[in-house]
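Single-structure report; data block below.
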There are 2 protein chains.
Amino acid sequence: MKTAHVDELDTAERVLTAASHLFYRHGVRAVGVEWIVTESGVAKTSLYRHFHTKDDLIAAFLEREDREFWMQWDQVVNDNAGDPLRELLALLDWIGQRVSRDGYRGCPQINVAAEFSDDEHPARRIRVRHKAAMYERLSALMRRIGARQPDDVAHQIALLIDGAFTSDGRLQHVGATRILQSAARALLGGEPVRARPSGARPKSQGQRQRRPR
Amino acid sequence: MKTAHVDELDTAERVLTAASHLFYRHGVRAVGVEWIVTESGVAKTSLYRHFHTKDDLIAAFLEREDREFWMQWDQVVNDNAGDPLRELLALLDWIGQRVSRDGYRGCPQINVAAEFSDDEHPARRIRVRHKAAMYERLSALMRRIGARQPDDVAHQIALLIDGAFTSDGRLQHVGATRILQSAARALLGGEPVRARPSGARPKSQGQRQRRPR
DNA sequence: AGTATTCGATACCGATCGGTAGCGCTGGAG
DNA sequence: CTCCAGCGCTACCGATCGGTATCGAATACT
């Protein structure tokens, strides 16, 4: 059915890629389909053959952003498996780098959702799901770390992350990663218990030590 | 020159009020001038007599939001003058209530700025100024509180606040104020020094005590 | 009273919006 | 070889975009 040239990009893929870049950089309402057509080098007819409406294209953009975000998240998690605290710090490092990149313009979920008022709009639904998933993962992670109030800390770290997302490179010169990581450490209560790689459940939040520097 | 009926609203004022509500609720690009005309009950000609372009109207909207935000901020500050920590907690309480209100749709500066890509656009300029002012105030406050690393903590609390702004009522049922305040306390390093109401400059961050509960 | 300004109303401008119709080409599957 | 789905191209649709022109009524300052 669909084979085409293996070395060339799929038509739908080219459309979605071009649309994603434009949507992210300029906002979805600022980008007309004609612009996407020009940028992707695809006929308008073909665009509408794969995405029935512009809203479908917007939804596809956000769905893909969502998928890729969690893929990278999981990658960082897997690279630091075993030590939950290390996992958290690695995630914050990844986010710190992400928001410091040139051309970073915030979280697409937040940005696009703000352009629509109808809560039934796919953009807003996807955003809600995305942020709920974020909290769930953080909450589970806080439990594994052994935080005393895992739900509260999860909410707080979620706030830090969303704040970093909207910072638009404001933290670039002070070190986004450093700010995020030290905040997380503080939120976990000074110096949290370092859990053993082999599932040692931390129960006492014993010896507090001054921060290394 | 301009007196008009004292009991009636100024024409420009009616336009700006209607535009502000629509802009905030639906996003600036989703709202056409015709819609503002209908909602304000003002002739299109009159609208353009006071605001030469739609961008001028958008800028006026954001400028006013900025002014009113700092007016309320200063109000909270004045109501809690003397004790810097109390001041901070009161500010976070105010923000917690603000983001929990029905119909809260995030920070207008963040939302509108995301709809434009040109950094020279007034919306993005005002946003940068607004957020810079936020950091400056927080940084000064952290110094008055006696935080050990005032700049870092200021950045971290700014992240919390921006995160709360974009939470869209997600913290409503867990208590936004509680989450924000406990985060701030933790970021200040357990229990920070409580400054005397009469200008006692805290220099040593002496006795650390375990959190009350 | 006279004059200048501001108002609302309507009609209009070119440009662009999201989306569709029709046509001619092409390349891979049967 | 035949067939046909997917492609690019162009022309087009009604609706709406931001913004302007014109005009008569109402208002305010001198």
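Below, chains carry the letters A, B, ... as their sequence lines are ordered, and counting in each starts from 1.
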Residues which pass salt bridge (charged side-chain N to carboxylate O under 4.0 Å, His left out) with A:Glu39, listed by chain and number, not counting sequence neighbours: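 For A:Glu39 there are no salt bridge (charged side-chain N to carboxylate O under 4.0 Å, His left out) partners, ignoring immediate neighbours.
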For B:Glu68, enumerate each residue passing the salt bridge (charged side-chain N to carboxylate O under 4.0 Å, His left out) test, keeping only those at least two apart in sequence or located in another chain.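 For B:Glu68, no residue satisfies salt bridge (charged side-chain N to carboxylate O under 4.0 Å, His left out) once neighbours in sequence are set aside.
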Among the candidates [options], find the nucleotide nearest to the side-chain atoms of [X].
X       : options              : value
B:Thr45 : D:dT10, C:dC7, C:dA9 : C:dA9
A:Arg14 : D:dG19, D:dG8, C:dA9 : D:dG8
B:Ala43 : D:dC7, D:dT20, C:dA9 : C:dA9
A:Tyr48 : C:dG8, C:dT20, D:dG8 : C:dT20

Can you tell me if A:Ser46 touches the phosphate of D:dG6, counting only side-chain N or O atoms and a distance under 4.0 Å to OP1 or OP2?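 No, A:Ser46 has no side-chain N/O under 4.0 Å of OP1/OP2 on D:dG6.
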CD of A:Glu115 versus P of C:dG18: gap in Å, rounded?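 Taking atom P of C:dG18 as the reference, CD of A:Glu115 is at 12 Å.
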Please report, rounded to the nearest Å, how far the P atom of D:dG18 is from the NE2 atom of B:His50.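 Answer to the nearest Å: 19 Å.
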Geometric class of the B:His155/B:Tyr135 ring pair [parallel <30°, tilted 30-60°, perpendicular >60°]: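 Plane angle under 30°, so parallel.
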Looking for any heavy atom pair under 4.0 Å, which part of the strands does B:Thr53 touch: base, sugar-phosphate only, or nothing?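 The residue B:Thr53 makes sugar-phosphate contact but no base contact.
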Not counting sequence neighbours, which residues clear side-chain contact (heavy atoms from CB on, under 4.5 Å) with [X]? List them please.
X        : value
B:Gln75  : B:Asp79
A:Ala30  : A:His26, B:Arg29
B:Asp162 : A:Thr166, A:Arg170, B:Ile110, B:Lys131, B:Phe165

Of B:Ala12 and A:Val28, whose nearest nucleotide on DNA chain C comes first from the 5' end?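 In this pair, the answer is B:Ala12.
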Short N/O separations, protein against nucleotides 12-17 of chain C, under 3.5 angstrom:
none

